[in-house]
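Inspection log for the structure reproduced underneath, given as structure tokens.
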Amino acid sequence: MNKELYNKSGCLDPTPYEAIKNAERRKFYPLVYICSPFAGDVDRNVEKARIYSRYAVDKGNIPLAPHLLFPQFMCDEKERRLAMHFNYVLLGKCKELWVFGEHLSPGMREEIEIAAKRKMLIRYFTEDLKEVD
């Protein structure tokens, strides 16, 4: 029995029920594109991208981090341009681009440039998850 659905008299009160139901149904999770380094120290960069993705979830978003997905089945050396094309397609589905860290790799710069051309909101964060202007 869910106590908040009943009034002080113990009678079913539909108002809280409807509010809870509508809040759950109307929860909107926008897609945000996670832009962070991949090459170099791949293991460390993958772990950081996971942390950034979790941060986006905790802030009420659906993170999209293609650099965590495509390397699972694509060869960066042979299929980099194709993977980057896929990234740009996915970027177009997102509401915002979130850039993490101070170091911008060439791939990150391309993603930022494309997002800017599309007039997307671009947000910058430190590695410690602090937003910067």
Side-chain angles (χ1 to χ4, degrees):
M1 177 154 106
N2 199 343
K3 292 180 189 176
E4 58 268 3
L5 299 181
Y6 294 86
N7 63 23
K8 291 180 183 180
S9 303
C11 296
L12 184 61
D13 185 350
T15 305
Y17 170 77
E18 288 299 323
I20 292 168
K21 189 169 111 179
N22 288 337
E24 289 174 357
R25 185 176 350 154
R26 292 189 182 174
K27 180 67 175 159
F28 175 67
Y29 296 91
L31 278 171
V32 296
Y33 190 99
I34 304 300
C35 181
S36 65
F38 178 74
D41 188 347
V42 174
D43 291 338
R44 185 167 181 254
N45 290 339
V46 164
E47 185 55 36
K48 286 181 184 179
R50 288 179 179 147
I51 291 167
Y52 304 150
S53 296
R54 180 71 238 182
Y55 175 75
V57 169
D58 292 342
K59 294 297 181 181
N61 300 278
I62 300 171
L64 194 53
H67 55 305
L68 292 180
L69 172 64
F70 295 135
Q72 302 297 313
F73 55 87
M74 295 179 78
C75 176
D76 192 50
E77 293 172 7
K78 297 178 184 174
E79 299 176 296
R80 178 161 178 74
R81 290 301 345 147
L82 181 59
M84 291 303 289
H85 173 72
F86 292 170
N87 291 353
Y88 305 148
V89 170
L90 294 173
L91 177 60
K93 307 297 181 190
C94 295
K95 183 177 179 189
E96 300 176 2
L97 173 72
W98 289 14
V99 181
F100 289 90
E102 293 178 17
H103 170 72
L104 300 179
S105 69
M108 291 172 67
R109 289 181 194 279
E110 285 183 44
E111 291 166 337
I112 294 166
E113 183 179 313
I114 288 172
K117 284 181 184 177
R118 293 176 178 173
K119 300 188 183 333
M120 293 177 66
L121 177 60
I122 303 171
R123 296 172 64 185
Y124 292 86
F125 299 84
T126 66
E127 288 185 9
D128 297 330
L129 311 176
K130 305 285 188 256
E131 190 164 9
V132 294
D133 293 328

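Between I122 and Y124 the shortest heavy-atom distance is CG2-CE1, 3.5 Å. Scanning both residues, H67 and A49, for their nearest heavy atoms gives NE2-CB, 3.6 Å. The shortest non-hydrogen separation linking S36 to M108 is C-SD, 3.4 Å. In terms of heavy atoms, P37 sits closest to H103 at CG-O, 3.9 Å.
D41 is linked by a side chain to side chain contact (heavy atoms under 4.5 Å, CB included) to D43, R44, counting only residues two or more places apart in sequence or in another chain. With sequence neighbours excluded, no residue satisfies salt bridge (charged side-chain N to carboxylate O under 4.0 Å, His left out) with E79. Scored by the salt bridge (charged side-chain N to carboxylate O under 4.0 Å, His left out) test, E131 finds R123 as partners (sequence neighbours excluded). Residues meeting the salt bridge (charged side-chain N to carboxylate O under 4.0 Å, His left out) test with K130, sequence neighbours left out: none. For the side-chain hydrogen bond (donor to acceptor under 3.5 Å, both in side chains) test, no residue two or more places apart in sequence or in another chain qualifies with Y52.
Looking only at side-chain heavy atoms (C-beta outward), F38 and P71 come within less than 4.5 Å of each other. Between M120 and Y33, every side-chain heavy-atom pair lies at or beyond the 4.5 Å cut-off. Between F70 and N87 the shortest side-chain heavy-atom distance falls below 4.5 Å.
Residues V99 and Y88 are members of one and the same hydrophobic cluster, defined by side-chain heavy-atom contacts under 4.5 angstrom among Ile, Leu, Val, Met, Phe, Trp and Tyr. Side-chain heavy atoms closer than 4.5 Å link hydrophobic residues (I, L, V, M, F, W, Y) into clusters, and following such links, even through other members, never connects L68 to V89. Residues L97 and I114 fall within the same hydrophobic cluster, defined by Ile, Leu, Val, Met, Phe, Trp and Tyr side chains chained together at heavy-atom separations under 4.5 Å. Criterion: ILVMFWY side-chain heavy atoms under 4.5 Å apart, direct or through other members. Under it, L104 and M84 are part of a common hydrophobic cluster. If you chain together hydrophobic residues whose side chains sit under 4.5 Å apart, I34 and V46 never meet in one group.
Taken from CD in E127 to CD in E102, the straight-line distance is 7.5 Å, to the nearest 0.5 Å. The line from CG of L129 to CD1 of I51 is 7.5 Å long, rounded to the nearest 0.5 Å. Here C94 contributes atom SG and L121 contributes atom CG; the two are 12.0 Å apart, rounded to the nearest 0.5 Å. We find the SG-CD distance between C35 and E96 to be 13.5 Å, quoted to the nearest 0.5 Å. Here CG of L69 is found 9.5 Å from CE of M74. Values are rounded to the nearest 0.5 Å.
Between F100 and F125, the two ring planes are parallel [angle under 30°; tilted spans 30° to 60°].
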For residues 55-64, which side-chain donor-acceptor pairs fall under 3.5 Å, sequence neighbours excluded?
from	atom 1	to	atom 2	distance (Å)
D58	OD1	R54	NE	3.0
D58	OD1	R54	NH2	2.7
N61	ND2	A56	O	3.4
N61	ND2	K59	O	3.3

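Under the 3.5 Å distance criterion, the side-chain polar atoms of N45 are matched with a main-chain donor or acceptor of A39.
With respect to R109 and E113, no salt bridge is recorded, no charged nitrogen being found less than 4.0 Å from a carboxylate O.
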